[in-house]
Amino acid sequence: MLNRPINNLLKKLGSKFIPIILGVFSIVLVLTMLSSVIQKSVDYKEGQVATESIRANKTIENKAETNQKRQLAAEAVTPEYTFQADLAQTQHDRISQLITLIQKANSDLDKSYQTKVSQAKDGEKIPQPTVDERVAAVKKNFEGLDQDAVTFYQQLPEDFYQAVVQLNATELTKVGTESLKLLDEQMAKRIRQNDLAEYKQQAVDKIQNLGLSDESTQAMRYLLEKGIVINDSLNQKRTDELKEQASDSVQPVMIFQGEVIVREGSQIDANAINKLKLLGLTSSSTSIFPLIAMILAAILQGVLLWFYSRQFEVEFQRVRFILFYSATMTIGVFIMKILQSFQGATSNNLALFFPAAFMPLILTVFVNRRAGALSAVFQTVFALFIYYKAIGTNMLPVILMTYLFSGTLAVMVKQKRLSDQVKQAMLWIVAFPIAWSFILSIYQGMSFTDSQTWGLLLSAFAASMLSFIMGMGLQPYIEILVTDSGVITLNELSNPNHPLLKELLEKAPGTYHHSMMVANLSANAVAEIGGRSLLTRVACYYHDIGKIRHANFFVENLPTGAENPHNFLLPEDSKQIIFGHVIEGAKILKEYKMPQMVIDICYQHHGTTLMQFFYHKAKDRNPETTEADFRYPGPKPQTREAGVVNIADSCEAAVRAMDHPSIDKITEFVHTLIEERINDGQLDDSGLTLKEIRIVEKSLISGLSSTFHSRIKYPRMQSEAEKMKEEQEKKGEE
């Protein structure tokens with residue numbers, strides 16, 4: 001087989017060649033990506049006449065123009081104002097309450113004065129309340145009012161109080177009524193900061209037409225001056241939000257790849273120079289930092305691979321992992337490089353055609369999930385350098401996020417054949433990455449009426465489908481290179497025309513039939529516990545191949561009525577012959593370069609079980625005989641598949657030998673045998689759980705019952721058979 005020479009070569013190479021492999025791998029990656037980070041540039045100056053049309057070398061956002069347009073959009077936003085309709089009533093109530101308080105204070109002082117006069121002695125002169133006393137009485141009434149009202153009243157000047165307390169009741173009432181009327185008229189309007197003085201003046205002008213005294217006129221002016229306030233104020237927060245929304249709604253000003261910056265024969269102006277600077281076309285020097293970063297990234301990957309490879313216990317497995325990872329990643333980088341080289345001349349979405357899920361998927365299936373995750377990360381890292389010229393554009397984040405997301409989700413696929421998990425694999429590899437591309441489109445504010453949006457989604461769909469198809473189609477062929485138990489190999493080995501199977505059929509037909517039965521029983525049971533069904537079937541075909549050396553010493557191959565040759569042998573001799581079919585079988589399988597697991601199952605299908613018949617026979621002859629002398633060399637089953645074959649092999653042989661096997665007898669026997677194997681420790685190393693063992697037991701009972709149990713003769717079937725026999729006899733007589 002092809003992979004055996006490869007494995008032999010890897011074993012000869014050994015771990016000492018790992019640094020060499022990693023070094024070569026890193027150099028190849030760096031050389032592949034080198035041209036992507038080295039930019040050729042030409043010097044252009046303002047005022048120079050272009051000798052050829054200058055086109056944009058990449059798609060990039062013109063941030064200066066974008067910011068300018070966003071600033072203009074924000075400045076064009078109409079400020080948002082908040083109209084406080086309830087403020088008119090508040091001011092009305094405050095002035096009304098003030099007039100009432102003044103009237104009350106005057107009334108109380110006048111009553112007190114009259115009382116004092118009536119109680120005064122003859123000739124006693126009682127002074128009238130002074131203006132200051134009246135003002136003090138008014139302000140005393142402010143106690144107990146809410147703080148906002150008090151603050152409003154305190155803002156009125158002392159001259160107002162001095163004048164208003166001197167008004168008679170009629171004048172004061174007139175002042176209050178007219179002031180409230182003018183206040184309500186003005187406050188019903190939307191009064192803003194720049195209109196406040198105008199609205200106040202309008203109210204004052206109307207006072208002149210009322211024919212009031214100077215004191216009343218002055219009092220009303222004070223009241224309206226403080227009473228008319230701004231009721232339509234700027235909502236700064238809302239205005240800022242509107243400006244931000246207007247700014248965000250402006251689409252980025254893009255310089256698209258291939259766009260003409262300056263036409264041939266035209267003068268290069270300041271605007272063109274700014275665009276050329278943005279594109280990096282005016283700088284004659286190339287930054288060395290991207291190159292250094294790329295080399296360090298390649299070295300970091302090599303260090304991680306070396307460190308990770310140390311987790312493999314077998315030396316050649318380390319080398320195989322390094323080579324497999326290196327080859328897979330190199331192919332991926334080459335594909336990315338090819339897409340990048342054509343992207344400038346065709347479409348910006350060409351990079352999205354890269355099957356980003358393929359490499360992590362293959363490494364996950366053939367190595368493990370951590371290897372797949374490592375490749376998902378580093379293919380994104382290397383994409384950063386390969387698409388270096390797209391830095392500063394909106395496309396680069398889309399490419400990187402798509403690669404990382406698709407590669408990471410591919411790691412989630414189960415480590416088994418994609419053909420056995422088509423629906424699940426389609427979800428992880430195709431459906432979810434497309435959903436992510438949809439989310440990216442929404443995030444970028446792309447319109448779904450725009451062809452670029454659909455181009456991005458179609459590219460993502462094509463890449464996902466390509467990853468899935470490549471995984472499905474190439475997996476069998478990769479198996480040939482990486483493993484010795486691929487589907488193509490196993491299908492070849494299951495062909496009845498295989499030389500070993502033909503020889504087994506010719507020399508040991510009973511063993512051949514037994515192997516076929518064990519294969520059916522084992523494969524069905526392994527399938528129910530999620531194991532490798534096809535590999536188990538093939539292993540069962542060859543598990544007793546060693547019996548072709550001494551076919552007649554195994555009871556299933558004896559002709560009817562033939563004497564058992566073991567009757568003429570000592571138990572020790574019979575033991576060696578029976579044991580020999582395991583050892584000889586493994587040798588034969590190695591000569592034919594069979595898959596290692598087929599060889600292992602040949603070794604393990606009897607485990608270290610006791611050959612009870614010959615042990616007890618020897619024990620009768622020699623009481624000092626020990627069980628260890630009559631146990632198979634083993635080892636015990638090391639895998640779930642080997643554990644199932646170990647049980648199925650014994651069950652099939654025993655049930656075949658039963659007289660009139662019934663379903664109950666088969667069920668009891670299989671259950672007892674499994675319990676004995678568990679108690680004997682034969683399944684300790686197989687990895688089978690108790691739940692899986694019960695599933696296997698049920699499957700074996702079902703398979704054996706459908707094949708070996710005695711059939712019931714129904715009366716109707718018997719009568720029909722007798723009738724057919726009579727008809728045949730009559731035809732014979734005729």
Any E652 side-chain heavy atom under 4.5 Å of H514 side chain: yes
Electrostatic pair E627:R631 at N-O distance under 4.0 angstrom: yes
Working for side-chain hydrogen bond (donor to acceptor under 3.5 Å, both in side chains), residues T609 and Q682: CA-CA 7 Å; T609 55; Q682 294 300 314; 5.4 Å; no
Spatial distance of atom CD1 (I647) from atom CD (E676) [nearest 0.5 Å]: 11.5 Å
Value rounded to 0.5 Å, distance of CG in L505 from CD1 in I548: 12.0 Å
Donor-acceptor contact present, side-chain K636 to main-chain S686, <3.5 Å: no
Main-chain N/O of A551 paired with K547 side-chain donor or acceptor, under 3.5 Å: no
Chi angles and distances behind the side chain to side chain contact (heavy atoms under 4.5 Å, CB included) call for W428, V411: CA-CA 9 Å; W428 289 114; V411 179; over 6 Å; no
Spacing of CG belonging to N495 relative to OH belonging to Y541, to within rounding of 0.5 Å: 10.0 Å
With T330 via side chain to side chain donor-acceptor pair (under 3.5 Å) - residues at least two apart: none
Side-chain heavy atoms of Y308 within contact of N368, under 4.5 Å: yes
N/O donor-acceptor pair under 3.5 Å between S494 side chain and N491 backbone: yes
Check: R640 side chain, I529 main-chain N or O, donor-acceptor pair, under 3.5 Å: yes
Any residue meeting ring pair (Phe, Tyr, Trp, His ring centres under 6.0 Å) with F366, in chain and number order, not counting sequence neighbours: none
Backbone of L323 reached by a side-chain donor or acceptor of S326 within 3.5 Å: no
Side chain to side chain contact (heavy atoms under 4.5 Å, CB included) between M359 and F354, intermediate numbers included: CA-CA 11 Å; M359 291 186 293; F354 176 69; 3.6 Å; yes
Heavy-atom pair with the smallest gap, counting every atom of L504 and S515: CD2-OG, 4.2 Å
Contact summary for T639 and A642, nearest pair of heavy atoms: OG1-N, 3.1 Å
Listed once per pair and sorted, the side chain to side chain donor-acceptor pair (under 3.5 Å) pairs that draw on residues 568-578, sequence neighbours left out: H566-S574
Other residues, nucleotides, ligands: >12 heavy atoms within 6.0 Å of K587 NZ: no
Salt-bridge criterion met for R532 and E641 (N-O under 4.0 Å): no
Short side-chain to backbone donor-acceptor contact, Q638 and D685, under 3.5 Å: no
F353: partners by ring pair (Phe, Tyr, Trp, His ring centres under 6.0 Å), with sequence neighbours left out: none
Side chain to side chain donor-acceptor pair (under 3.5 Å) contacts touching residues 693-703 (sequence neighbours left out): H671-E697, E675-R694, R694-E697
Crowding at CZ, F432 (>12 non-hydrogen neighbours, <6.0 Å): yes
Worked check of side-chain hydrogen bond (donor to acceptor under 3.5 Å, both in side chains) between T667 and D664: CA-CA 5 Å; T667 301; D664 291 338; 5.4 Å; no
pair Q424-V413: side-chain heavy atoms closer than 4.5 Å: no
Spacing of CD1 belonging to I663 relative to CD1 belonging to I701, to within rounding of 0.5 Å: 10.0 Å
Distance in Å, N622 CG paired with T625 OG1, rounded so as to fall on 0.5 Å steps: 4.0 Å
For the student: nearest non-hydrogen atoms of A586 and C602, plus distance: N-SG, 3.6 Å
H498 atom NE2, over 12 foreign heavy atoms within 6.0 Å: yes
Closest contact, heavy atoms only, S467 versus A356: OG-N, 3.7 Å
Test log, rule side-chain hydrogen bond (donor to acceptor under 3.5 Å, both in side chains), inputs D600 and Q596: CA-CA 6 Å; D600 292 340; Q596 186 59 44; 3.0 Å; yes
Side chain to side chain contact (heavy atoms under 4.5 Å, CB included) assessment of I322 paired with W306: CA-CA 8 Å; I322 295 295; W306 174 80; 5.8 Å; no
Contact summary for V430 and P433, nearest pair of heavy atoms: O-CD, 3.4 Å
Salt-bridge present (D680, R677; N to O < 4.0 Å): no
Partner of N646 by side-chain contact (heavy atoms from CB on, under 4.5 Å), out of S522, C651, P637: P637
Side chain to side chain, L490 and L535, heavy atoms closer than 4.5 Å: yes
Candidate pair H605 and H581, rule ring-ring contact (aromatic ring centres under 6.0 Å, His included), full reasoning: CA-CA 11 Å; H605 76 277; H581 91 275; 5.4 Å; yes
Derivation of the side chain to side chain contact (heavy atoms under 4.5 Å, CB included) call for Y592 and I545: CA-CA 12 Å; Y592 276 82; I545 199 68; over 6 Å; no
M336 vs V333 side-chain heavy atoms within contact, under 4.5 Å: yes
Contact check, side chains of Y542 and L589, non-hydrogen atoms, under 4.5 Å: yes
Within residues 630-656 or reaching into it, pairs that qualify as ring-ring contact (aromatic ring centres under 6.0 Å, His included) - sequence neighbours excluded: F579-Y632, H606-Y632
I577 side, atom CD1; E584 side, atom CD - distance, nearest 0.5 Å: 11.5 Å
Close side-chain approach of M594 and I588, heavy atoms under 4.5 Å: no
Student check: side-chain heavy atoms of S375 and M329 closer than 4.5 Å: yes
Taking every non-hydrogen atom, the tightest pair across C540 and A519: CB-CA, 3.4 Å
Parallel, tilted or perpendicular, as decided by the 30° and 60° cut-offs, for the rings of F321 and Y325: tilted
